[in-house]
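Here's the structure we're looking at; comments come further down.
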Number of protein chains: 2
Amino acid sequence: MKEGPDIAQIGALIGDPARANMLAALTGGRALTATELAGVGGITVQTASTHLAKLEAGGLLAQRKQGRHRYFTLADEAVARLIESMMGFAAGRGHLRHQPGPKEPALRKARICYDHLAGDYGVRMLDSLIASGAIEAVGEGLALTEKGESDLECIGIDVSDLRSSRRPLCRSCLDWSERRAHLAGSLGKALLSSFLDKGWARRTAESRSIRFSPEGDRQFLKLFPVDP
Amino acid sequence: MKEGPDIAQIGALIGDPARANMLAALTGGRALTATELAGVGGITVQTASTHLAKLEAGGLLAQRKQGRHRYFTLADEAVARLIESMMGFAAGRGHLRHQPGPKEPALRKARICYDHLAGDYGVRMLDSLIASGAIEAVGEGLALTEKGESDLECIGIDVSDLRSSRRPLCRSCLDWSERRAHLAGSLGKALLSSFLDKGWARRTAESRSIRFSPEGDRQFLKLFPVDP
DNA sequence: TTCATAGTTCGATCGTAACCGAAGCATCGC
DNA sequence: GCGATGCTTCGGTTACGATCGAACTATGAA
């Protein structure tokens, strides 16, 4: 008894529905204000404030003051991975929300996961990259091949630039909706950024979902085909 | 709001100290009775019973009746991974227990993580396997090389037998005490089993720690050297 | 300065869940 | 059959924490 680190603390932090909703919303990657987070939690600002203070004290959240606003983000990528992995686990056990709601299908199709693409499109992209030989799946990990490096340079991704960062280039991240892996890491981030830059897709206002334009949709599906 | 799977439920399940202690104890891999779990949780059997019922309803635990005993185990390896990953996260944030206690050093040296070796010795073993070229680290994943396969056959591990199982051969598992990876998967399990079979080490009664005999210690350190 | 907006702190209320004693089943050994 | 052990269910108590109204601080706009 009393062995090891205290998982009860962080479990309790995530265990409150209001806090869980806020954390899930912040998995969208963008910084949100206390008032916005109160909205997603379905509570008043006062209550949200105490929740946010607790989450920050627990090391899950970081805070940035800007004028009279306070922007909250997840403390780092480790928190995002923890949340997504818990989502994957929960989805596997059938711990789903009671009302699927109208936004569900859009979320399942394409959504943002911290800073990269997830959902059906995210899984398709990784599948296609593996099928074309751009990425190799070794064990549980992912590795970019030489072919992949040149392929990506063609569509405007500066791989050598990405390599210079300390962050791993390829990471696989388990998708809660698809129950399959999609591409995370700095490469995953760069790819999503390029889609947004090219105007193929854009982030929606209050949700984690990503909306592809008709043209962007065509380009994406052409660039990442699924073999028959 | 109301997006995705419900992480609050499992967060709340893990969020209670008594339940967290029971789950951590069960990460030791062996099945425990309700009374034993009440002990590790520091609560009476009645209370433990309700906790265990909740954990089982939540899909975290499985139960097996045997005579008048009820043996509880983690539902599957996914639960074990979730718990260990939360431990790693918690350790990284400094969410440590208040009293380190006398058993801490033993736990840090060598302990069981579901069914494989973790702690200092677990990390050393993987490091050594990689240094000798038996295992390759590719991206985040691990892959057994041909050399590794023959090396392992020499010490009595039937790799082809392990391959026939559906479970992945090599997995990397993040260690909460060392903050580095150790070897999981069916190969990790087989290696630990062989140590126990050879009498190099044995599991302790009430703890997750593993005790090496003086002779076993020498053999282990010889078999898995760290290069200078 | 004054007003408005964003956020925190205080105080009090309220619900829920953890907890244990006691009673109730089930299984084993005899 | 009997008592002993392992565990669950019931009932009632208690304590903690989530919640919000109201008051307070800070920044920005006019």
Side-chain angles (χ1 to χ4, degrees), chain A residues 1-2 6-26 30-58 60-73 95 98 205-206, chain B residues 1-2 6-26 30-58 60-73 95 98 205-206:
Chain A
M1 48 225 98
K2 303 282 169 47
D6 195 356
I7 51 174
Q9 282 187 35
I10 47 173
L13 282 176
I14 303 177
D16 179 83
R19 284 195 291 258
N21 281 333
M22 299 198 242
L23 288 169
L26 287 171
R30 56 171 48 147
L32 297 175
T33 66
T35 323
E36 290 170 323
L37 287 167
V40 311
I43 48 181
T44 61
V45 263
Q46 309 96 299
T47 316
S49 180
T50 67
H51 281 315
L52 292 168
K54 284 178 188 175
L55 288 171
E56 197 187 358
L60 299 187
L61 254 46
Q63 184 190 148
R64 182 162 38 93
K65 263 183 93 165
Q66 202 166 96
R68 55 182 163 182
H69 293 277
R70 235 155 241 223
Y71 285 98
F72 291 88
T73 53
H95 286 271
H98 309 300
E206 284 284 320
Chain B
M1 49 223 99
K2 305 286 171 41
D6 196 355
I7 50 176
Q9 281 187 37
I10 48 175
L13 281 176
I14 303 176
D16 180 81
R19 285 195 292 258
N21 281 333
M22 299 198 239
L23 288 169
L26 288 170
R30 57 171 45 145
L32 298 174
T33 67
T35 322
E36 290 170 322
L37 287 168
V40 310
I43 48 180
T44 61
V45 262
Q46 310 96 297
T47 315
S49 180
T50 66
H51 281 314
L52 292 168
K54 284 178 189 174
L55 287 171
E56 197 188 358
L60 298 188
L61 255 47
Q63 182 191 149
R64 183 162 38 93
K65 265 182 89 164
Q66 204 166 95
R68 53 183 163 179
H69 292 276
R70 232 157 243 221
Y71 285 97
F72 290 88
T73 53
H95 287 271
H98 310 299
E206 283 283 321

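No experiment lies behind these values; they were computed from the predicted model shown. Throughout, protein chains are lettered first and strands after them, A, B, ... in sequence-line order, and every chain is numbered starting at 1.
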>> Distance check needed: D:dG17 P versus A:Gln9 CD, whole Å only.
In response: 12 Å
>> Any side-chain to backbone donor/acceptor pair from A:Glu36 onto A:Thr33? Under 3.5 Å, distance only.
In response: yes
> Between B:Phe72 (CZ) and D:dG6 (C1'), how many Å, whole number?
Replying inline: 11 Å
>> Could you check whether any side-chain N or O of B:Arg19 sits under 3.5 Å from a backbone N or O of B:Ala12, counting only pairs where one atom can act as donor and the other as acceptor?
In response: yes
> Measuring from B:Leu37:CG to B:Asn21:CG, what's the distance to the nearest 0.5 Å?
Replying inline: 10.5 Å
> Would you say A:Thr73 and A:Leu61 make side-chain contact, with heavy atoms under 4.5 Å?
Replying inline: no
> What one-letter contact string describes nucleotides 20-30 of chain C from 5' to 3', where B marks a base within less than 4.0 Å of any protein heavy atom, S marks contact via sugar-phosphate atoms alone, and - marks no contact?
Replying inline: BBB----BB--
> In whole Å, what is the span from the CZ atom of B:Arg19 to the C1' atom of C:dA18?
Replying inline: 9 Å
> To the nearest angstrom, how far is A:Gln63 atom CD from C:dT8 atom C1'?
Replying inline: 11 Å
>> Quick check for you: among C:dT8, C:dA18, C:dA6, whose closest atom lies nearest to any side-chain atom of A:His69?
In response: C:dA6
> Could you give the CG-to-C1' distance, from A:Asp16 to D:dT19, as a whole number of Å?
Replying inline: 10 Å
>> Rounding to an integer number of Å, can you tell me how far A:Tyr71 OH sits from D:dT27 C1'?
In response: 13 Å
> Distance check: side-chain N/O of A:Lys54 vs OP1/OP2 of D:dG17, anything under 4.0 Å?
Replying inline: no
> Is there side-chain contact between A:Leu32 and A:Tyr71, with heavy atoms separated by less than 4.5 Å?
Replying inline: no
> Expressed in angstrom and rounded to an integer, what is the separation of A:Leu52 atom CG from C:dT9 atom C1'?
Replying inline: 14 Å
> Counting just side-chain N and O atoms, does B:His51 come under 4.0 Å of either OP1 or OP2 of C:dC19?
Replying inline: yes
>> Please report the distance, rounded to the nearest Å, between CG in A:Leu37 and P in C:dA6.
In response: 14 Å
> Side-chain contact, heavy-atom cut-off 4.5 Å: B:Met22 with B:His51?
Replying inline: yes
>> If I take atom CG from residue B:Leu13 and atom CG from residue B:Asp16, how far apart are they, to the nearest 0.5 angstrom?
In response: 9.5 Å
